[in-house]
Amino acid sequence: PISLIVLAVVFLNVRPNARIKAKIDYLSSILLAAALTFFCMGLSQQLGNENYLQKLIGFLSAGIVLFAIFIVRSKKIPEPLVELSAFKNRVFSMANLTNLFVGAALIIAMVDIPLMADTIMGVSALEGGLRLLRFTVMLSLGAIAGGFLCKRFGYRLPTIIGLIMSCIGFIFMSRWTLEIADPQMTVHLFICGFGFGLVIAPLGTAVMDSVSQEQKGFASSMVVMARMIGMMLGMAAITAWGMERFHLATASLSLEEIMDTPDKLTASLLALFDNFFLASVFICAIAILPAIFLSRKKKAVREASSLEQK
């Protein structure tokens, strides 16, 4: 409902005028949104579900077809929703790809930290929020520090350091038990949150510096869009994978056993959350690979200038 309201406001108020001459490509927006929806539906299919393979192939195929139509349309119209030419710049492409993986790992932390506290740890919703606050506060401080480091060392170094810190934080979190307490828990959340914060400025700056002046608006939206797409796809895939592992872990438990010995169910849920955090370690490690191809600021600006001249 909220998205529909936003779409209505944009449709009624954002129109070509003397100040805003560009037209909004609504059809491409619909194609991209539909493609992402089908991708998420496909990735969210659980292995044990009925007609799993048919649904997986069907949804992913529909997403691929719609995305292909979106690409073809973007190449033909003069003012596309996504400037595909910008992806010819290596730094632009690698920064957005890194951002996509960052979003996939970040959403796991944002969801599972309060959810874990509110379920198996048995603390209040307020305490769960305060635990997430420790993570997000350090994320904000890390973003400030990442800006200074980016100015001094370029895009690559602070991004890789941030991803390594997030990996370390997730490794600590994957070893949490029901008895985890401060100061260890806070230190783990601080490390992970600060790591995610470090990557914000260098990735955003890399994207913005890699395009011409006329593409700055599009580039700034890509910074957010890549991270949000990563969140969508990551949450869909990790939820399906996690639920499948949970069903396998509890398949041998009857309803009577669960009622009589809830500790067995709690142990299965704890293992599930640990697996979620381990998956985040893997995602952050993968994100380091495209981050290696980032460069210092001057080089990215030169590449953008050369593309603009062409």
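Numbering of residues begins at 1 and proceeds along the displayed sequence. All of these numbers come straight from a predicted model, not from anything done at the bench.
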* Asked: Do F135 and L106 have side-chain heavy atoms sitting under 4.5 Å apart?
  -> yes
* Would you say the side-chain atoms of N89 pair up with the backbone N or O of S210, donor to acceptor, closer than 3.5 Å? -> yes
* Sub-6.0 Å ring centroid separation between F170 and F196 -> yes
* Beyond-backbone contact of R131 with R134, side-chain heavy atoms, under 4.5 angstrom -> yes
* Do the rings of W176 and H188 sit parallel, tilted or perpendicular, given the 30° and 60° boundaries? -> parallel
* Between S220 and G217, is there a donor-acceptor pair closer than 3.5 Å when you use the side chain of the first and the backbone of the second? -> yes
* Answer yes or no: is there a side-chain heavy-atom contact under 4.5 Å between V82 and F218? => yes
* Answer yes or no: is there a side-chain heavy-atom contact under 4.5 Å between E83 and M222? => no
* Counting distance only, does the side-chain N/O of S93 pair as donor-acceptor with the main-chain N or O of R90 below 3.5 Å? -> no
* **Closest contact, heavy atoms only, A201 versus A143** => CB-O, 4.0 Å
* Would you check if I77 and S28 make a side-chain contact, meaning some heavy-atom pair closer than 4.5 Å? => yes
* Asked: Hey, which of L141, L149, L139 is the one that makes side chain to side chain contact (heavy atoms under 4.5 Å, CB included) with L198?
  -> L149
* To do: Answer yes or no: is there a donor N or O on one side and an acceptor on the other, between the side chain of N96 and the main chain of F92, under 3.5 Å?
  => yes
* Does I191 belong to the same Ile/Leu/Val/Met/Phe/Trp/Tyr cluster as I144, with side-chain heavy atoms less than 4.5 Å apart forming each link? -> no
* **Other residues, nucleotides, ligands: >12 heavy atoms within 6.0 Å of F148 CZ** => no
* Does the side chain of I64 reach to within under 4.5 Å of the side chain of F39, using non-hydrogen atoms? -> yes
* Asked: With no hydrogens and no angle check, is any side-chain donor or acceptor of N99 less than 3.5 Å from a backbone partner on R227?
  -> no
* To do: Please check if the side chain of S44 supplies one atom and the backbone of A236 the other of a donor-acceptor pair under 3.5 Å.
  => no
* To do: Check whether any side-chain heavy atom of L189 sits under 4.5 Å from a side-chain heavy atom of M138, and report yes or no.
  => no
* Is it true that atom CZ of F38 has more than 12 heavy atoms of other residues, nucleotides or ligands lying nearer than 6.0 Å? -> no
